[in-house]
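See below for the structure under consideration.
Just so it is clear, the model here is predicted, and its values are computed rather than measured. Both counts, for ligands and for their atoms, begin at 1 and track the order of listing.
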Amino acid sequence: MAMLRFNPTDVVQLLQDMVRVDTVTPTASGRADAELPLAEALLELARTWGLSAEFREVPGAAPNVLITHEVSPGAPWLLFDSHLDTVGVEGMTIDPFAADVHDGRLYGRGVCDTKGTGAAMLWALREVREARTATQNIALLLSVCEEHSQLGVRHFLTHDLPGLAWRPAAVIVGEPTSMQVVAANNGFVKWKIRTTGVAVHSSTPHLGRNAVSDMARVIVALEDEYIARIERAHPLTGGGSCSINRISGGTQVNVVPAHCVIDVNRRLAPGESAEIELAQVEAILQTLRERDQLLCVQQGEADAVVPLAADVNLPFGERCAATLSMAGIPSQVTGAPYTTNGNHFGAAGLVTVVLGPGDIAQAHTKAEWLEVAELTRGVAGYRTLMEHGPSQPAPLSAANQAR
Ligand SMILES: [Zn+2]
């Protein structure tokens, strides 16, 4: 297949070009390199615009694209990130890849989450390169596999970043935040809990041990003694939470089941840690085991993403919000309960905020849309951040006025 080529004359066309390429995330589409055609087209487009652009390989996936615009070797680097993949299109009530515009809204899968932020970042970068108005070095990472595992950014941080000649002074992750500066996000830990019984014919259940019935007791204990006691009080993210979201067990209607497993998802507020939460759950399970010596219940291996903590990101977030407000985009520093690529940048020790056009309420929906006016506001917002150097302290008085 011939390589896709983009030649957009404005940011709306760029976003339409991007949405028309199906980049449903590999785990949902079954295509390991789902983002590749889009990555190739954007790499070429960036080069056409005079920007440096290269692939950064991600084993088993499409490559990330790293686009850079260096204005001065001594200047700080501001890194932008936006993911190229989208969630699936099942159940959508619009053509997910038509990218039609009606009544000032652009419709399509990924238009809001988060090709809109990527298009706006790339367009802003094109503008500041042409106008020669960037006051710092700018990098744009177009990353892969965010919607499932954040593999693209995880790999970039562990394998690419240490070898680069520069380290970002700060990172702006593009997700739909209605141009509010999100400086704190929840993380999560997800894991399985298994009960193991003894399978027997259901005509003699007393000879076996029912793993499903055991799991029922485990669930009640977790709901009452763990989940109900989680404090939901974080001022920026709303606090942590936990839910048991999947269960499976048993083989046939006439066999007492030997296995049952649940999937637990604990959202971690800044300040909470996966280790402490897993230990609390373990203590509850241990109490159950002591009450019933024959109960066999085990926690499986956990997969955790640490929260994005506000404190280290607040000063940069305040400067971003002040810069945006001065450019006529009212913006405040806030937090959000979801998890993004930003959590990984934060975990790598980088100052990070999440910021982008569009409303998170539109993400992953069956008729996903983004207002065209919001898209152009995104370009203006990113551009002003590239031009007014929020990685250096902003004038305090102006910042205070803007708040
Ligand atoms: Zn997203």
Side-chain angles (χ1 to χ4, degrees), residues 14-15 18-19 21-29 34-35 38-39 42 58 61-62 64-65 79-92 96-97 99 106-122 140-157 171-188 190 237 265 267 305-308 334-347 352-371 374-375 378 381-382:
L14 172 58
L15 179 52
M18 290 170 68
V19 170
V21 187
D22 169 354
T23 59
V24 170
T25 201
T27 46
S29 64
E35 303 95 335
L38 180 57
L42 292 173
V58 180
N64 294 317
V65 183
L79 173 63
F80 290 78
D81 165 75
S82 178
H83 64 84
L84 296 176
D85 59 318
T86 70
V87 293
V89 298
E90 229 179 68
M92 287 191 81
F97 308 116
L106 210 168
Y107 287 84
R109 175 54 85 221
V111 71
C112 178
D113 182 7
T114 200
K115 290 177 176 176
T117 74
M121 286 170 170
L122 185 53
L140 169 54
L141 182 70
L142 300 171
S143 50
V144 298
C145 300
E146 190 270 350
E147 291 291 358
H148 177 66
S149 60
Q150 302 94 45
L151 176 67
V153 155
R154 287 188 202 229
H155 189 81
F156 175 80
L157 288 168
V171 182
I172 295 176
V173 172
E175 289 283 349
T177 68
S178 305
M179 296 308 283
Q180 301 307 297
V181 179
V182 170
N185 276 139
N186 282 347
F188 64 81
K190 58 182 181 184
T237 73
N265 191 341
R267 298 285 162 163
V305 173
V306 300
L308 181 66
T334 178
Y338 50 74
T339 300
T340 76
N341 273 345
N343 292 63
H344 298 285
F345 287 109
T352 303
V353 298
V354 182
L355 168 75
D359 190 332
I360 190 72
Q362 282 302 314
H364 305 191
T365 56
K366 56 190 197 297
E368 186 173 347
W369 52 265
L370 177 67
E371 274 185 22
E374 178 72 356
L375 176 63
Y382 291 137

*the Zn ion (ligand 1) - name of the N/O/S atom of His83 that sits closest to it*: NE2

*asked:* Just by distance, no angles: are the side chains of Ser29 and Asp22 close enough, under 3.5 Å, to form a donor-acceptor pair?
replied: no

_Shortest non-hydrogen contact between Val111 and Glu368, atoms and distance_ = N-OE2, 3.3 Å

_Would you say the Zn ion (ligand 1) has Asp113 as a near neighbour, meaning an N/O/S atom of that residue under 2.8 Å away?_
yes

_Just by distance, no angles: are the side chains of His83 and Glu175 close enough, under 3.5 Å, to form a donor-acceptor pair?_
yes

*Looking only at atom types and distance, does a side-chain atom of Glu35 sit under 3.5 Å from a main-chain N or O of Cys145, one as donor and one as acceptor?*
yes

*Counting backbone and side chain alike, does Glu175 bring an N/O/S atom below 2.8 Å of the Zn ion (ligand 1)?*
yes

